[in-house]
Peer 1: 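Below you'll find the structure I mean.
Predicted, not measured: the structure shown is a model, and the values here were computed from it. Residues take their numbers from the sequence shown, with the count starting at 1.
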Amino acid sequence: MEQAAAVEGTWDYVIVGAGSAGCVLANRLSADGAVRVLLLEAGGNANYHWVNIPIGYLFCMGNPRTDWLMKTEPDAGLNGRALDYPRGKVLGGCSSINGMIYMRGQAADYDGWRQQGNTGWGWDDVLPYFRKSEDYHKGASDLHGSGGEWRVEKQRISWPILDAFRDAAEEVGIPRTDDFNKGTNEGSGYFEVNQKRGVRWHTAKAFLDPVRSRPNLRVITGAETESLVLDGSRVTGVRFRQNGVLKQARAEGEVILSAGAVNSPKILELSGIGDPAVLGGFGIPVVHALAGVGGNLQDHLQIRTVFQVSNTVTLNQLAGSLFGKGKLGLQYLLTRSGPLSMAPSQLGIFARSDPRLETPDLEYHVQPLSTNKLGEPLHKFPAVTASVCNLRPESRGTIHIRSADPRQPPAIRPNYLSAENDRQVALRSIKLTRQLMAAKAISQFNPTEILPGPQVASDAELLARIGDISTTIFHPVGTARMGDGPDAVVDVRLRVHGLSGLRVVDASVMPTIVSGNTNSPVIMIAEKASDMIREDRRL
């Protein structure tokens with residue numbers, strides 16, 4: 001017999017997921033005092049000290065306190081390897097454990113969405129929403145906003161080896177830029193970050209904390225959503241479990257799924273919304289057939305190249321002893337600067353793998369450090385890591401439930417490098433990296449290639465080695481894509497096709513991945529969705 005659910009009130013809006021999108025939605029929708037808003041978060045509070053210290057991402061990813069510890073399925077493109085797939089397990093979601101890089105992507109990304117039939121999602125349409133929430137360190141302009149919740153600052157570090165890397169980029173024809181967010185991000189420069197005076201600035205701090213006292217907003221943590229409640233074709237609520245107790249929240253207006261590209265499709269499928277072939281495999285009755293749920297997965301795969309250097313200092317040496325670590329800690333404590341204030345990647349380069357391309361298709365994350373794997377000890381020798389990713393991969397994967405048990409994580413199958421063009425871009429990116437490291441500006445540091453290794457020369461050898469050294473940058477999108485046609489999940493107002501009372505607002509609605517880091521685009525999506533939800537309420 002199914003357990004009866006305790007009723008946890010009736011609300012105008014029930015938002016599932018207090019991550020990058022959910023915190024924005026809770027803030028904007030609860031601004032109307034007549035609207036009752038419930039925000040459900042499966043994780044806990046973000047009061048862990050390593051959430052706030054920027055370098056703390058090293059101690060948050062892979063930590064069961066802050067990370068759901070998901071993994072991909074073994075991937076043929078990675079020579080059968082499975083990757084760790086960090087997802088934020090606290091208020092603020094992935095913005096509480098991510099790389100803090102402020103990046104919008106390219107104007108062409110959003111114009112491409114519009115050209116696919118997604119009216120209202122072109123660059124000119126979305127730019128005002130980026131500006132709305134932005135608090136840019138240089139102040140307001142036609143491109144940037146000031147006074148918003150989402151703080152954007154310069155990094156509080158400088159490294160000679162990274163400055164030389166910029167010079168090398170100029171040598172090979174990649175210009176310098178002081179702003180990656182003008183609509184074209186071509187060039188090299190230090191990434192701007194979501195920090196405030198050297199402290200991580202996540203969406204729970206920015207959007208949720210200032211409004212937590214609103215009487216019409218309730219936030220429940222430790223609330224793991226198990227399924228949606230439907231009455232015919234209308235979604236009327238959410239079932240969730242808290243401390244082992246099954247509860248139900250009723251929604252008189254809408255349920256808004258903001259559980260991310262991994263968990264939003266999972267919740268849809270557990271509710272009987274999805275591809276009948278998938279649901280039938282787990283004995284889940286089909287409530288609403290929607291073939292695109294969980295498909296169209298896209299992610300940025302980065303190829304980690306490592307070069308040993310000399311005649312300079314990298315983080316490998318600075319953090320290589322207890323004394324060195326203590327010195328770095330004291331510097332951060334006194335000045336909120338230095339290596340402990342670093343984002344995971346400091347220098348960015350956006351370049352073209354083919355000169356015939358109109359816009360850059362490669363993004364470099366360059367770091368004055370090296371390790372075998374994120375979270376493992378740094379190498380004993382001084383080194384730099386130049387990770388490069390294909391910004392517009394053609395490979396497509398899936399995220400589907402692996403069980404009818406809500407406690408089981410979904411099966412994540414990115415299918416990296418399954419498209420031939422992605423393999424060719426990967427090869428060209430390695431060759432460009434080697435060209436950069438052979439530039440005169442770098443020669444003073446005597447770079448020696450460690451990964452993939454100078455002995456790996458032919459295209460066939462390189463492709464095999466790329467499968468060994470590549471990893472995700474944690475940018476999954478597209479699993480509930482916006483658009484029309486048989487594989488679309490939501491319309492241009494992010495309403496789920498064929499159902500009422502249900503929207504999806506998170507990275508899963510992106511029809512194609514943006515040409516850069518994905519966190520701030522998700523905030524933009526939530527800002528735009530908030531306006532659409534309020535407009536539809538007034539109709």
Peer 1: I'd like to know if D67 pairs up with K89 as an ion pair, taking the criterion as any Lys NZ or Arg NE/NH1/NH2 lying under 4.0 Å from an Asp or Glu carboxylate oxygen.
Peer 2: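 Between K89 and D67 there is no salt bridge, as every charged N stays at least 4.0 Å from the carboxylate O atoms.
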Peer 1: With distance as the sole test, does N216 use its side chain to make a donor-acceptor pair with the main-chain N or O of R36 at under 3.5 Å?
Peer 2: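 Side chain of N216 to backbone of R36: no pair is present.
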Peer 1: Would you check if the side chain of T371 reaches a backbone N or O of E376 as a donor-acceptor pair within less than 3.5 Å?
Peer 2: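 Answer holds: yes.
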Peer 1: Which distance, rounded to the nearest 0.5 Å, do you find between the CG of D84 and the CG of L69?
Peer 2: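 The CG atom of D84 sits 8.0 Å away from the CG atom of L69.
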Peer 1: If every non-hydrogen atom of I430 is compared with every non-hydrogen atom of I303, which pair is closest and at what distance?
Peer 2: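 Nearest pair, atom of I430 first, then I303: CD1-CG2, 3.6 Å.
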Peer 1: Would the distance check show the side chain of N415 and the main-chain N or O of R396 forming a donor-acceptor pair, the cut-off being under 3.5 Å?
Peer 2: yes
Peer 1: Could you go through S515 and R392, starting from their C-alpha distance and side-chain angles, then the distance that decides it, and tell me whether this counts as side-chain hydrogen bond (donor to acceptor under 3.5 Å, both in side chains)?
Peer 2: CA-CA 6 Å; S515 300; R392 295 186 289 275; 3.2 Å; yes
Peer 1: Only one of K247, R239, R250 clears salt bridge (charged side-chain N to carboxylate O under 4.0 Å, His left out) with E8; which?
Peer 2: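 Exactly one pass, corresponding to K247.
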Peer 1: Would you name the heavy atoms of L297 and I399 that are closest together and state the gap between them?
Peer 2: CD2-CG1, 3.8 Å
Peer 1: Using a distance-only test with no angle check, is there a side-chain donor-acceptor pair under 3.5 angstrom linking S30 and R214?
Peer 2: yes
Peer 1: How long is the span from the CZ atom in R212 to the CG atom in N27, to the nearest 0.5 Å?
Peer 2: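 That separation rounds to 12.5 Å.
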Peer 1: Give me the atom names and distance for the closest heavy-atom approach of A343 to Y57.
Peer 2: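 Shortest heavy-atom separation between A343 and Y57 comes out as C-CE2, 4.3 Å.
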Peer 1: A cation-pi test, strictly: NZ or CZ of R104 under 6.0 Å from the centre of the six-membered ring of Y102 and no more than 45 degrees from its axis. Yes or no?
Peer 2: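 Negative - R104 is either too far from the ring of Y102 or too far off its axis.
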Peer 1: Which heavy atom of I97 sits nearest a heavy atom of M61, and at what distance?
Peer 2: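 Answer, listing the atom of I97 first, then M61: O-CE, 3.3 Å.
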Peer 1: Do side-chain atoms of T479 reach the backbone of A261 as a donor and acceptor pair under 3.5 angstrom?
Peer 2: yes
Peer 1: What distance do T72 atom OG1 and L83 atom CG have between them, rounded to the nearest 0.5 Å?
Peer 2: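 The distance works out to 4.5 Å.
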Peer 1: Tell me, do N194 and V152 make a side-chain contact under 4.5 Å, heavy atoms counted?
Peer 2: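 They are in side-chain contact.
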Peer 1: Any donor and acceptor pair, going by atom type alone, linking the side chain of Q298 with main-chain N or O of P511 inside 3.5 Å?
Peer 2: yes
Peer 1: For K154, check salt bridge (charged side-chain N to carboxylate O under 4.0 Å, His left out) against everything at least two apart and list the hits.
Peer 2: none
Peer 1: Considering the options L228, L230, L279, V235, which one meets the side chain to side chain contact (heavy atoms under 4.5 Å, CB included) requirement together with V287?
Peer 2: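 In the set L228, L230, L279, V235, the residue that makes a side chain to side chain contact (heavy atoms under 4.5 Å, CB included) with V287 is L230.
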Peer 1: Excluding sequence neighbours, so at least two apart, what forms side chain to side chain donor-acceptor pair (under 3.5 Å) with H379?
Peer 2: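 Scan of H379 (side chain to side chain donor-acceptor pair (under 3.5 Å), adjacent residues dropped) gives S370, N372.
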Peer 1: Measuring from N79:CG to Y416:OH, what's the distance to the nearest 0.5 Å?
Peer 2: 14.0 Å
Peer 1: So do K71 and P409 actually touch side chain to side chain, heavy atoms under 4.5 Å?
Peer 2: no
Peer 1: If you measure from OG on S337 to CD1 on I157, what distance do you get to the nearest 0.5 Å?
Peer 2: 10.0 Å
Peer 1: Taking N517 for its side chain and M103 for its backbone only, find out whether a donor-acceptor pair lies under 3.5 Å.
Peer 2: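 Between the backbone of M103 and the side chain of N517 there is no qualifying donor-acceptor contact (under 3.5 Å).
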Peer 1: What distance separates I533 CD1 from R503 CZ, expressed to the nearest 0.5 Å?
Peer 2: 5.0 Å
Peer 1: Any sub-3.5 Å donor-acceptor pair from H300's side-chain atoms to L391's backbone N or O?
Peer 2: yes
Peer 1: Between S95 and T203, do the side chains contain a donor N or O and an acceptor N or O under 3.5 Å apart?
Peer 2: yes
Peer 1: Does atom CG (L334) have a neighbourhood of more than 12 heavy atoms from anything else shown, all under 6.0 Å?
Peer 2: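 Atom CG in L334 is packed in, count exceeds 12.
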Peer 1: Would you say the side-chain atoms of N316 pair up with the backbone N or O of L378, donor to acceptor, closer than 3.5 Å?
Peer 2: no
Peer 1: Step by step, work out the side-chain hydrogen bond (donor to acceptor under 3.5 Å, both in side chains) result for H137 and E192.
Peer 2: CA-CA 9 Å; H137 64 93; E192 292 170 317; 2.7 Å; yes
Peer 1: So, the side chain of S341 versus the backbone of G338: is there a donor-acceptor pair under 3.5 Å, distance only?
Peer 2: yes
Peer 1: How about S96 and Y48: does a side-chain donor come under 3.5 Å of a side-chain acceptor?
Peer 2: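 Side chains of S96 and Y48: no pair found under 3.5 Å.
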Peer 1: Compare all side-chain heavy atoms of F130 with those of E527 and state whether any distance is below 4.5 angstrom.
Peer 2: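 No - every pair of side-chain heavy atoms lies 4.5 Å or more apart.
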Peer 1: With no hydrogens and no angle check, is any side-chain donor or acceptor of D75 less than 3.5 Å from a backbone partner on R81?
Peer 2: no
Peer 1: Check whether any side-chain heavy atom of R65 lies under 4.5 Å from a side-chain heavy atom of W50, and answer yes or no.
Peer 2: no
